[in-house]
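A short worksheet on the structure shown next.
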Amino acid sequence: MLSRTSFSVSRTRARLFLSSSTAPLPACARFPRFHPHSLATTTQPSSAMSTFKQEPHKLLVIPGPIEVTDEVLYANAHPSMSHVSADFIPVFGDCIRMLRELLFTQDAQPFLIAGSGTLGWDQVAANLVEPGENALVLNSGYFGDSFSDCLRTYGAKVDEIVAPFGDAVSLSELEAALKQKKYKVVTFTHVDTSTGVLSDAKGIAATVKKVSPDTLVIADCVCSVASEEIRFDDWGLDVVLTASQKGLGTPPGLSILVASQKAIKVFETRASPVTSYYGSWKKWLPIMKAYESGTPAYFATPPVNLIYAFNTALKQITKQSPSIEERFRLHRETSARLKHAVEELGLKQLPVKSSVAANGMTACYFPDGLTAADIIPPLLKKDIVIAAGLHKDYKLKYFRIGHMGISAIDSTRRDVDKVIAALKESLAEAQAGKNALSQTARTRVVDRSMPAARL
């Protein structure tokens, strides 16, 4: 009988260890064999995978990175392999094809590059906007600020429409701005991770198409791909940029961008040189086309193991149950359940109305009299990891909970149940502690106000 293989994950290392109670695994069982035509092969786990489990750990429910499946972590432990090997080429190519399927596009061009989601901003600014051209940023939080900063760094003339805190830019404001000036790009953050605000991607794209059809529609979807509905072709998006560590359920490290053929044509016909070296599509476009066609190419080394992990995650999303459409529904239901629970606990949500509240995360204000120190460390002691506030002007006033990927779609894990129960306990404990301190303070005041007893 094969021994049980476990996967121990910590902040500093990932290690495979084997039970000492039985003989060592044969080499063929210790490591999975990945075949060249990955989509054509079976998706059944190997005998080693069937006993491959993550070591118990604190539940990670921040808005990314998120919890990932055992299968994805196992794929990330693939033996080192050449990035131009015959086995790896179709794994990379399949990722490109499955991304199109996930985003409902027929012919958009994916780019998979080692880096964070932030690299997507650089790609947009360097490849699609030439120095001196106009860009309009619809700003709904911290990441709108940052995208604006990135565009200015590359020489764009940036205008911003800044939404009130907790709200999204209205379509009427967008339309008015488009009528006043010609813009090369309009950018928006689909879900701003700092606020949990959801922007109307479909409505924004339709408004731009109606008023300024030549303007490119750029969607920062780092915190929305695979948790929010996105229909690239039907909505008329030109760029969706994202990253591996949120709804896509893969460890951090992949910058993922999908560009329309309209955007590619704008890139190919630009008058001035691309203003980035590493982020240049002149370098990366031939690489993506080569891997998709089944041939190797080289500009910079891709993160091979992470591509294996991403391939596994994409298969789970696009080829297995639940379907993509079902995933959207399950994220909405999980979001509604958690948001209802925090309302019952007396917490006020940061988004000003439900129509602008994301389905993959929830942002709540701390109750009056309580701070991050009263809630976040006690939750950590209960093995629940949530995130503090991020927006520069309000970060001490609220906290954030992520519910994307398996935490949202796999009810057997009971991740949301655990979060709700731990949050309820932590709030009650914090309030009881505050009440006890308050009572002690009142008692001392009364004691000091009473006359001294006569001896």
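What you see below is based on every heavy atom in this structure, not just the backbone, and it leaves out hydrogens, waters and symmetry mates.
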Plane angle bin for Phe111 and Trp281 - parallel if under 30°, tilted between 30 and 60°, otherwise perpendicular: parallel

Pairs flagged by ring pair (Phe, Tyr, Trp, His ring centres under 6.0 Å) wherever residues 118-150 is involved - sequence neighbours left out: Trp121-Phe147

Selection residues 153-181 - residue pairs positive for ring pair (Phe, Tyr, Trp, His ring centres under 6.0 Å), sequence neighbours left out: Phe165-His391, Phe165-Tyr394

All side-chain hydrogen bond (donor to acceptor under 3.5 Å, both in side chains) counterparts of Thr412, not counting sequence neighbours: Asp410

Glu130: partners by salt bridge (charged side-chain N to carboxylate O under 4.0 Å, His left out), with sequence neighbours left out: none

Results of salt bridge (charged side-chain N to carboxylate O under 4.0 Å, His left out) for Glu268 - residues two or more places apart only: none

All pairs passing salt bridge (Lys or Arg N to Asp or Glu O under 4.0 Å) where residues 209-228 contributes a residue, at least two apart: Glu175-Lys210, Lys182-Asp214

side-chain hydrogen bond (donor to acceptor under 3.5 Å, both in side chains) involving His190 - partner list, sequence neighbours excluded: Ser224

Non-neighbouring partners of Ser140 that pass side chain to side chain contact (heavy atoms under 4.5 Å, CB included), sequence neighbours left out: Thr189, Asp192, Val197, Ser199

With Arg400 via side-chain hydrogen bond (donor to acceptor under 3.5 Å, both in side chains) - residues at least two apart: none

Which residues share a salt bridge (charged side-chain N to carboxylate O under 4.0 Å, His left out) with Asp145, sequence neighbours left out: Lys392

Sequence-distant partners of Lys265, salt bridge (charged side-chain N to carboxylate O under 4.0 Å, His left out), two or more places apart: none

Test side-chain hydrogen bond (donor to acceptor under 3.5 Å, both in side chains) applied to Ser293 - qualifying residues, sequence neighbours left out: Thr295

Glu101 side chain to Leu314 backbone, donor-acceptor under 3.5 Å: no

Side chain Asp122, main chain Gly279, donor-acceptor under 3.5 Å: no

